[in-house]
Asks: 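Starting off with a structure, shown below.
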Amino acid sequence: MTVETAKKKVILSGIQSSGALTLGSYIGAIRNWVELSEEYDCYYCIVDMHAITVRQDPETLRRNTLEQLAQYVAAGLDPKRNVLFVQSHVPSHAQLGWVLGCYAMFGELSRMTQFKEKSAKNAGNINAGLFTYPVLMAADILLYQADLVPVGDDQRQHLEITRDIAMRFNGIYGETFKIPEAHIPKLGARVMDLQSPGNKMSKSEAASGGCVGIMDKPEDIMRAFKRAVTDSGSEVRFDPETKPGVSNLMQIYAVCANKTLPEVEREFSGRGYGDFKRSVGEAVIETLRPIREDASRLAGDRALLAEICADGAERASLAAERTLRNVYDKLGFVLK
Ligand code: AQP
């Protein structure tokens with residue numbers, strides 16, 4: 001009898017190097033990436049090409065990209081087990097992005113919520129890259145024939161358009177791309193801003209006072225939680241409709257203290273918001289402490305980071321070029 005080793009399923013995900021990573025990026029994305037890396041073949045990238053859809057200072061972008069890589073590793077992503085890479089190091093992303101742009105419709109791109117939100121925020125720079133952002137994201141995913149894409153709730157619509165583009169292309173040229181599924185975490189899929197719990201916690205809103213960075217100092221984290229917006233009541237109860245601030249804090253606490261929402265409700269029954277907010281702050285500080293310490297150390301080792309980048313780019317390119325070549329062939333391009 002022959003024993004066949006089943007091929008592992010493939011995961012692809014990425015985060016823009018558009019600012020310091022937040023508690024939202026950690027809870028909504030990276031924490032789950034670490035768990036998934038036990039079971040899947042994982043490609044995790046730093047999407048610097050997506051980041052320039054909003055104007056970036058070159059030195060800050062370079063520093064953010066390398067520091068983000070250090071934070072990936074510090075958060076538990078082993079560069080040997082996972083392919084960790086920088087998007088701009090693998091030219092196939094831009095190449096497939098162009099091709100897929102010819103199979104994405106103006107109308108469907110116009111309906112993207114993120115485009116509408118970012119256009120409103122960056123009224124002076126509504127560039128074509130902001131509009132075609134989902135096309136490049138589709139290329140990121142489809143190049144690796146990903147089965148699953150772990151994302152926060154906000155990226156659900158971009159994954160839908162990726163699937164639509166892939167199905168459209170497959171419909172014309174035959175089976176070319178794997179149709180990916182979204183993997184949305186059950187808890188913490190949308191971590192909200194501590195000052196405006198109606199808005200997602202975002203890297204680019206770091207100045208709001210409602211955003212917690214994964215590299216923030218413990219005293220700053222505690223201050224942000226003590227000041228977090230709650231509501232006029234005093235009951236720690238999960239109800240995102242009427243108690244968005246408290247419900248957001250409950251989710252953060254549940255994830256960081258590894259408890260269920262009913263356990264959190266029981267733990268804080270009759271204890272008031274002050275006590276609750278302090279406990280959430282402490283749980284977050286302890287969750288982030290080892291990551292911050294390790295990431296600071298790794299960020300200082302530029303030679304190691306360069307080595308991880310080079311190795312990741314080589315392994316990612318191997319998989320990506322295979323898909324791109326197949327696509328070019330199907331399109332009728334003359335192959336080199
Ligand atoms: N607040 C959040 N809650 C849950 N998940 C989140 N993610 C980001 N913020 C939250 C998830 O992290 C991944 C990376 O996102 P990204 O940085 O590539 O893009 P984004 O969603 O636009 O993140 P930001 O922080 O809001 O960046 P800026 O401010 O530059 O636009 C995604 O899986 C996302 O769902």
Side-chain angles (χ1 to χ4, degrees), residues 11-34 36 42-57 60-61 64-65 67-69 71-72 75 77 86-87 93 112-122 125 129-130 133-134 136-138 140-141 146 148-160 162 180-208 210-215 224 228 240 244-245 247-249 251-252 254-256 284:
I11 295 243
L12 177 290
S13 203
I15 300 181
Q16 301 179 72
S17 41
S18 47
L21 291 182
T22 69
L23 182 65
S25 356
Y26 177 69
I27 291 183
I30 302 176
R31 188 180 64 96
N32 309 302
W33 295 2
V34 176
L36 293 164
C42 299
Y43 293 83
Y44 294 130
C45 52
I46 296 165
V47 289
D48 52 349
M49 287 160 63
H50 276 102
I52 61 162
T53 52
V54 172
R55 202 72 76 225
Q56 304 288 336
D57 167 64
T60 312
L61 178 63
N64 280 342
T65 302
E67 289 183 352
Q68 193 165 313
L69 178 63
Q71 289 157 23
Y72 281 8
L77 294 172
V86 177
Q87 184 187 30
H93 289 249
M112 294 294 111
T113 312
Q114 182 177 293
F115 172 66
K116 291 184 197 158
E117 286 174 358
K118 292 214 166 169
S119 306
K121 273 196 221 161
N122 301 284
N125 182 23
L130 201 57
Y133 183 112
L136 182 58
M137 180 164 160
D140 299 340
I141 297 167
L148 276 183
V149 184
V151 283
D153 201 35
D154 57 314
Q155 293 293 336
R156 199 187 283 271
Q157 203 185 22
H158 286 171
L159 197 76
E160 270 313 308
T162 297
E181 304 279 343
H183 181 282
I184 313 255
K186 288 191 187 71
L187 259 185
R190 191 178 280 255
V191 176
M192 310 309 271
D193 186 285
L194 302 185
Q195 286 303 313
S196 3
N199 298 333
K200 188 186 79 141
M201 186 183 284
S202 261
K203 283 189 236 80
S204 49
E205 301 294 322
S208 74
C211 178
V212 172
I214 74 170
M215 299 301 283
S247 303
N248 185 39
L249 294 175
Q251 289 211 50
I252 294 173
V255 169
C256 292
V284 170

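Keep in mind the model is a prediction, meaning the values are calculated, not measured. Start at 1 and go down the list; that is how both ligands and their atoms are numbered.
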Asks: Among all protein heavy atoms, pick the one closest to atom 12 (O) of ligand 1 and tell me residue, atom and distance.
Replies: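 Going by distance alone, atom 12 (O) of ligand 1 is nearest to Ala29 CB, 3.7 Å.
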
Asks: Which protein non-hydrogen atom lies closest to atom 32 (C) of ligand 1, naming both residue and atom, and how far is it?
Replies: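 Result: Gln155 CG, 3.9 Å.
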
Asks: His183 versus Leu36: any side-chain heavy-atom pair under 4.5 Å?
Replies: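 Result yes, sub-4.5 Å side-chain heavy-atom pair found.
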
Asks: If you count the non-hydrogen atoms of other residues, nucleotides and ligands that lie under 6.0 Å from CD1 in Ile52, is the total more than 12?
Replies: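 Incorrect, the count does not exceed 12.
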
Asks: With nothing but distance in play, are any N or O atoms of Met201 less than 3.5 Å from an N or O of ligand 1?
Replies: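 For ligand 1, there is an N or O atom that lies under 3.5 Å from one belonging to Met201.
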
Asks: With distance as the sole criterion, is a donor-acceptor pair present between the side chains of Ser17 and Gln68 under 3.5 Å?
Replies: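 Ser17 vs Gln68: no donor-acceptor pair found between side chains.
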
Asks: Quick check: does any side chain N or O of His50 sit under 3.5 Å from a backbone N or O of Tyr133, one acting as donor and the other as acceptor?
Replies: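 Such a contact is found between His50 side chain and Tyr133 backbone.
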
Asks: Does ligand 1 have an atom under 4.0 Å from some heavy atom of Pro185?
Replies: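 Flag not set, Pro185 not near ligand 1.
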
Asks: How long is the straight-line distance from OG of Ser18 back to NZ of Lys203, given to the nearest 0.5 Å?
Replies: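 Atom-to-atom, Lys203:NZ and Ser18:OG are 3.0 Å apart.
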
Asks: Show the atoms of ligand 1 that are less than 4.0 angstrom away from any heavy atom in Gly28.
Replies: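 Listed by number with element: 4 (C), 5 (N).
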
Asks: Can you tell me which residue and heavy atom of the protein come closest to atom 34 (C) of ligand 1, and the distance to 0.1 Å?
Replies: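 Minimum-distance protein heavy atom for atom 34 (C) of ligand 1 reads Asp154 OD1, 3.5 Å.
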
Asks: Give the numbers and elements of all ligand 1 atoms closer than 4.0 Å to a heavy atom of Gly152.
Replies: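 That gives atoms 5 (N), 33 (O), 34 (C), 35 (O) of ligand 1.
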
Asks: If we only count N/O pairs under 3.5 Å, is Gly188 in contact with ligand 1?
Replies: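 No, since none of the N or O atoms of Gly188 sits under 3.5 Å from an N or O of ligand 1.
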
Asks: To check your reading of the model: name the closest protein heavy atom to atom 17 (O) of ligand 1, its residue, and the distance in Å.
Replies: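 Here the closest protein heavy atom is Lys203 NZ, 2.3 Å.
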
Asks: Give the residue and atom name of whichever protein heavy atom lies nearest to atom 26 (O) of ligand 1, and the separation in Å to one decimal.
Replies: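 Result: Ser202 OG, 2.5 Å.
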
Asks: Compute the shortest N/O to N/O distance between Val191 and ligand 1 and return yes if it is under 3.5 Å, no if not.
Replies: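 N/O-N/O distance below 3.5 Å exists for this pair.
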
Asks: Identify the closest protein heavy atom to atom 4 (C) of ligand 1: which residue and atom is it, and at what distance?
Replies: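 Atom 4 (C) of ligand 1 sits closest to the protein heavy atom Ala189 O, 3.2 Å.
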
Asks: Between the side chain of Asn122 and the main-chain N/O of Lys118, is any donor-acceptor distance below 3.5 Å?
Replies: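 Side chain of Asn122 to backbone of Lys118: a pair is present.
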
Asks: Please check if the side chain of Thr22 supplies one atom and the backbone of Ser25 the other of a donor-acceptor pair under 3.5 Å.
Replies: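 Judged by distance alone, yes, a pair lies under 3.5 Å.
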
Asks: How close does the nearest protein non-hydrogen atom get to atom 30 (O) of ligand 1, and which residue and atom is it?
Replies: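 Nearest protein contact, heavy atoms only, for atom 30 (O) of ligand 1 is Ser18 OG, 2.6 Å.
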
Asks: Looking only at heavy atoms of Lys118, does any of them come nearer than 4.0 Å to an atom of ligand 1?
Replies: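 Contact present.
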
Asks: Hey, which atoms in ligand 1 end up nearer than 4.0 Å to a heavy atom of Arg190?
Replies: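 Contacts of ligand 1 toward Arg190, numbered from 1: 3 (N), 4 (C).
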
Asks: How far is atom 29 (O) of ligand 1 from the closest protein heavy atom, and which atom is that?
Replies: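 Of every protein heavy atom, Ser204 OG, 2.4 Å lies nearest to atom 29 (O) of ligand 1.
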
Asks: Counting only N and O atoms by type, is there a donor-acceptor contact under 3.5 Å from the side chain of Asp193 to the main-chain atoms of Gly198?
Replies: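 Checking the backbone N and O of Gly198 against the side chain of Asp193, no donor-acceptor pair under 3.5 Å is found.
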
Asks: For the atom pair CG (Leu130) and CD (Glu117), what is the distance rounded to the nearest 0.5 Å?
Replies: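 That separation rounds to 11.0 Å.
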
Asks: Between Gln87 (side chain only) and Ile46 (backbone N and O only), is there a donor and an acceptor less than 3.5 Å apart?
Replies: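 Between the backbone of Ile46 and the side chain of Gln87 there is no qualifying donor-acceptor contact (under 3.5 Å).
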
